[in-house]
Amino acid sequence: MFTQLFGSFLLNKKIVAAEQLKDALDYQKSVHLKLGVLAVNAGFMTSADINEVHNMQSKKDKKFGELAIEMGFLTEEKLNILLSTQKSGHLLLGQALVDKNYLTLEQFENALNMYKNEHHLTNDQFRMLQNGDVDEIVNALYNFTGCSECEIYKSYFSLLIRNIIRFIDADFTPKDKIQVSDYKFNWVATQDILGEIELYTGIGGKEKAIIGFAGKFANETYTVNDEYTQAAVGEFLNQINGMFLVNMSDNNIELELTPQVTINEGSLTDLTEAYCIPVEFSFGRIDFIISKSKPFIKV
Amino acid sequence: MSQNSLKVLICDDSILIRKKLKDCLLELGCSEVLEALDGQKAVDIYKKEKPDLVFMDIVMPIKNGIEAIKEIIEFDKNAKVVIASSSGTKTHLRQALEAGAYEFVQKPLDENQIKNIILNFKKED
């Protein structure tokens, strides 16, 4: 789900150079995934544990998995999990970087931990992200409690995540929801859902991220934030909300939409039961907003 | 009427949707593609230009697509208006059909959908 994102992360943190990343991406197609990289990725073993097993392998003619179990680093169950791990792109990339000596296994481990820490991801959430399991991601991150429309919010964000994958990019990291009463923005597109269920929805972000998001949705190359990029982000919001209305209509709840509005620089205040869902893409962070009430808009 | 002489009006408040749809229609051989960014402008342009086919969004400022289609049909009962909306709810579908819509398609539109609409329109004409 997130090879490109992990690749950009390694590049941004100057863990690898652009040439090395390119070389590894070319090489990863023919790479053979080894248990060490899988075990570090799963958080079952550290790079130091792996080294110990490798040292032991020079003394005993046994397979890595067998020795790791003997030495107490793995169980049969964990080994089976590793052997059945999907061959995610970022793992192939990690293995390619290690094989090419651009990274040590320890540096790969540190990079993974840095990524998880920066995005506040547990090992379980990280695994879900790699597997791209939308239901698991939504259950882990978007279990709303204490709001009057918790189930509606959950189904809205489930729809959102599926359509990000469908229309924007499969390489992204959805972050934990943040409850907000105000939201400051550089740029935002908003739309109201009216009727039996009333919701205020929005998509916000900084210019670079908005341009990237719009380009992906419109399948165009944009370089400036102009009426086309703004229309693209607004249309994405409109399509999500439109599909939400169709789903509600299937449950005999008929709702209406207002035309989308786009606003530069300002803040939304007096939001009620409102959440911001930040999603990190390779081109930057995009925020998705949902609120029970229409806010005051200060520009 | 040959496909080369097909005059189409697109009514959508999104400049992106108008551009994408226009590029597609021109590629399919439509001779003239007119644009309106709200329902009122669509009614005005329709009365003046009498296009062969109209693509109409529903949710738009000033005048929505359902109101616009009613006025267009009142002016020309043979008008062919395709509703192209992201919110294909049962209410919208019923309202569109009651207003006299020729067809209802859910956005996002793909090229094949548009091609089929044009081909079907040509067959019927």
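Residue numbering restarts at 1 for every chain, and letters A, B, ... go by the order of the sequence lines.
Among B:Ser85, B:Pro108, B:Ser14, B:Gly88, the residue with the largest count of heavy-atom pairs under 4.5 Å with chain A is B:Pro108. Heavy-atom pairs under 4.5 Å with chain B were tallied for A:Asn238, A:Leu255, A:Thr229; the largest tally goes to A:Asn238. Chain B forms more heavy-atom pairs under 4.5 Å with one residue of A:Val246, A:Asn241, A:Thr258 than with any other, namely A:Val246. Interface remark: of the candidates A:Glu256, A:Gln239, A:Gln260, A:Gln191, A:Gln239 forms the most heavy-atom pairs closer than 4.5 Å to chain B.
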TODO: Kindly indicate, with the supporting measurements, whether the criterion side-chain contact (heavy atoms from CB on, under 4.5 Å) is fulfilled by A:Asn252 and B:Lys90.
DONE: CA-CA 9 Å; A:Asn252 296 317; B:Lys90 284 182 272 189; 2.6 Å; yes

Open item on the list: Pair B:Lys107, A:Met243 - check side-chain contact (heavy atoms from CB on, under 4.5 Å), show working.
Closed with: CA-CA 9 Å; B:Lys107 283 188 202 163; A:Met243 285 181 232; over 6 Å; no

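A salt bridge is absent between A:Glu254 and B:Arg94; no separation between the charged side-chain nitrogens and carboxylate oxygens falls under 4.0 Å.
Environment of CD in A:Glu265: crowded, with over 12 heavy atoms of neighbouring residues, nucleotides or ligands closer than 6.0 Å. Within 6.0 Å of CZ on A:Phe296 lie no more than 12 heavy atoms contributed by other residues, nucleotides or ligands. Counting non-hydrogen atoms of other residues, nucleotides and ligands closer than 6.0 Å to NZ of A:Lys154 gives a total above 12. Within 6.0 Å of CG in A:Asn219 there are 12 or fewer heavy atoms belonging to other residues, nucleotides or ligands.
Residue A:Glu227 touches chain B through both its backbone and its side chain, counting heavy-atom pairs closer than 4.5 Å. Using a 4.5 Å cut-off between heavy atoms, B:Ile17 contacts chain A through its side chain alone, with no backbone atom that close. With a threshold of 4.5 angstrom between heavy atoms, A:Phe244 does not approach chain B through any atom at all.
Here OG of B:Ser87 is found 14.0 Å from CE of A:Met248. Values are rounded to the nearest 0.5 Å. Atom-to-atom distance recorded for B:Ser86:OG and A:Leu257:CG is 6.0 Å, nearest 0.5 angstrom.
Listed here is the closest heavy atom pair of B:Pro61 and A:Pro259: N-CG, 3.5 Å.
A:Glu220 is listed as a side-chain neighbour of B:Lys20, based on a closest heavy-atom distance under 4.5 Å. B:Leu16 is not listed as a side-chain neighbour of A:Gln230, based on a closest heavy-atom distance of 4.5 Å or more.
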